[in-house]
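Chain identifiers are assigned alphabetically (A, B, ...) following the order of the sequence lines, protein sequences preceding nucleic acid strands; residue numbering begins at 1 within each chain.
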There are 2 protein chains.
Amino acid sequence: MATFIGDYTCKVDVKGRIILPMAFKKQMPADARDHFVVRKDIFENCLVLYSIEDWNRQLEKIRARINPYNREHNKFLRNFFKGTAELSLDNSNRMLIPKKLLDLIEAKRDVVLAGQDGRIEIWAADIYEKIGMPADEFANLAEKLMGGAINEIEE
Amino acid sequence: MATFIGDYTCKVDVKGRIILPMAFKKQMPADARDHFVVRKDIFENCLVLYSIEDWNRQLEKIRARINPYNREHNKFLRNFFKGTAELSLDNSNRMLIPKKLLDLIEAKRDVVLAGQDGRIEIWAADIYEKIGMPADEFANLAEKLMGGAINEIEE
DNA sequence: CCACTTTCCCCCACTTTACGCCACTTTTTT
DNA sequence: AAAAAAGTGGCGTAAAGTGGGGGAAAGTGG
């Protein structure tokens with residue numbers, strides 16, 4: 001499984017294509033470097049780009065917990081898939097992002113592709129500059145989620 | 001099994017035919033690309049298009065839980081099969097949707113074919129634009145169904 | 001049951017649109 | 001300075017859309 005590290009400012013061209021930074025491509029296994037799924041993030045005003053591997057992993061998790069014959073689960077599934085798109089890199093290493101997804105995150109020209117473990121977030125560049133938490137708030141959250149004695153973590 | 005990703009606006013022609021977007025066809029195994037079952041969705045005002053593979057899988061699930069000699073089960077079965085139709089793609093990659101199913105979902109000219117895991121939903125385009133949950137409501141539902149600490153998920 | 005009529009569906013041809021390919025330029029990295 | 005990466009833009013074809021014709025299927029009546 002890929003791990004994406006780093007954030008990169010990129011341009012959206014007039015046809016809605018973005019070049020995938022080579023650094024990200026190099027962080028992927030050789031046989032799975034040009035196939036992605038993109039969708040709107042659940043919590044934030046950005047897109048999430050999944051490698052097809054990670055997408056399939058997310059899908060397995062969802063299939064394990066979601067029953068389409070349950071009304072509420074059905075609704076979750078529909079909203080999860082709404083506005084997804086499957087992407088491939090072209091020979092110039094670009095991917096064509098559906099205009100309606102770019103519009104959803106108010107991206108016009110400059111975007112940031114931000115690695116986040118197994119996925120890449122795509123932000124309008126101006127919005128990305130504003131998103132950080134205050135340092136002390138993040139420190140508290142980090143301790144809450146990851147703090148505790150080392151044995152607790154490895155259990 | 002196919003996984004359908006992406007949503008596409010398509011036209012219904014005067015004979016009730018819809019072109020299956022090539023992206024969906026490419027998401028299917030080569031030997032099962034032109035055979036579908038369509039029926040009205042259980043919960044929402046849309047149609048569901050099953051690949052024949054996925055239809056058979058749903059049928060197995062149903063056979064495992066539904067006993068036609070039980071009156072209530074019998075009623076479920078009759079309603080589940082009511083208004084189903086088997087479809088094939090023609091040489092122009094179109095499928096003929098029964099007019100009464102198009103009428104059921106108030107589809108006239110513009111429809112959306114929305115991939116959702118193993119199935120494709122067909123919506124009147126104007127209705128599809130209105131179905132999304134507000135972002136925070138969907139975030140809450142996602143957290144409710146898929147959230148929790150990491151150990152809960154992996155259990 | 002069969003012949004005839006009507007309807008509808010599949011095939012095919014043509015047009016329009018959009019997307020992938022490719023070449024070239026500029027910028028960044030080595 | 002050279003190589004690699006990012007950016008730009010035009011062309012050709014795949015895909016989507018449109019529409020008509022002929023024959024298969026459905027319907028009707030004797």
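Not counting sequence neighbours, the partners of A:E72 by the salt bridge (Lys or Arg N to Asp or Glu O under 4.0 Å) test are B:K144. Applying the side chain to side chain donor-acceptor pair (under 3.5 Å) test to A:E129 and every residue at least two apart in sequence or in another chain returns nothing. Qualifying ring-ring contact (aromatic ring centres under 6.0 Å, His included) partners for B:Y50, counting only residues two or more places apart in sequence or in other chains: B:W55. For the salt bridge (Lys or Arg N to Asp or Glu O under 4.0 Å) test, no residue two or more places apart in sequence or in another chain qualifies with A:K108. Under the salt bridge (Lys or Arg N to Asp or Glu O under 4.0 Å) criterion, B:D126 pairs with no residue, sequence neighbours left out. Residues passing the ring-ring contact (aromatic ring centres under 6.0 Å, His included) test with A:F4 are A:F24, sequence neighbours excluded. Partners of A:R57 under the salt bridge (Lys or Arg N to Asp or Glu O under 4.0 Å) rule, at least two apart in sequence or in another chain, are A:D54. Contacts of B:N70 classified as side chain to side chain donor-acceptor pair (under 3.5 Å), with partners at least two apart in sequence or in another chain: none.
For the pair B:R39 and B:F80, the distance from NZ or CZ to the six-membered ring centre is under 6.0 Å and the angle to the ring normal is within 45 degrees.
The distance between atom NZ of B:K25 and atom P of D:dA16, rounded to the nearest whole Å, is 11 Å. Counting to the nearest Å, the C1' atom of D:dT18 and the CD1 atom of B:I18 are 15 Å from each other. Distance CG (B:D110) to C1' (D:dA16): 13 Å, rounded to an integer number of Å.
Note that the first and last nucleotides of DNA chain C, 5' to 3', having any atom under 4.0 angstrom from a heavy atom of chain A are C:dC19 to C:dC22.
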Summary of protein contacts for nucleotides 5-15 of chain D, nucleotide by nucleotide, where a base hit scores B, a sugar-phosphate-only hit scores S (4.0 Å, heavy atoms): SSBBBBB---S
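The terminal axes of the helix from C:dC1-D:dG30 to C:dT30-D:dA1, fitted over 5 pairs per end, subtend an angle of 50° to the nearest 10°.
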Can I get a per-line list of side-chain donor-acceptor pairs under 3.5 Å for residues 118-125 of chain A, giving both atom names and the distance, sequence neighbours left out?
{"unit_1": "A:E121", "atom_1": "OE1", "unit_2": "A:Q116", "atom_2": "NE2", "d": "3.4"}
{"unit_1": "A:E121", "atom_1": "OE1", "unit_2": "A:W123", "atom_2": "NE1", "d": "3.0"}
{"unit_1": "A:E121", "atom_1": "OE2", "unit_2": "A:Q116", "atom_2": "NE2", "d": "3.1"}

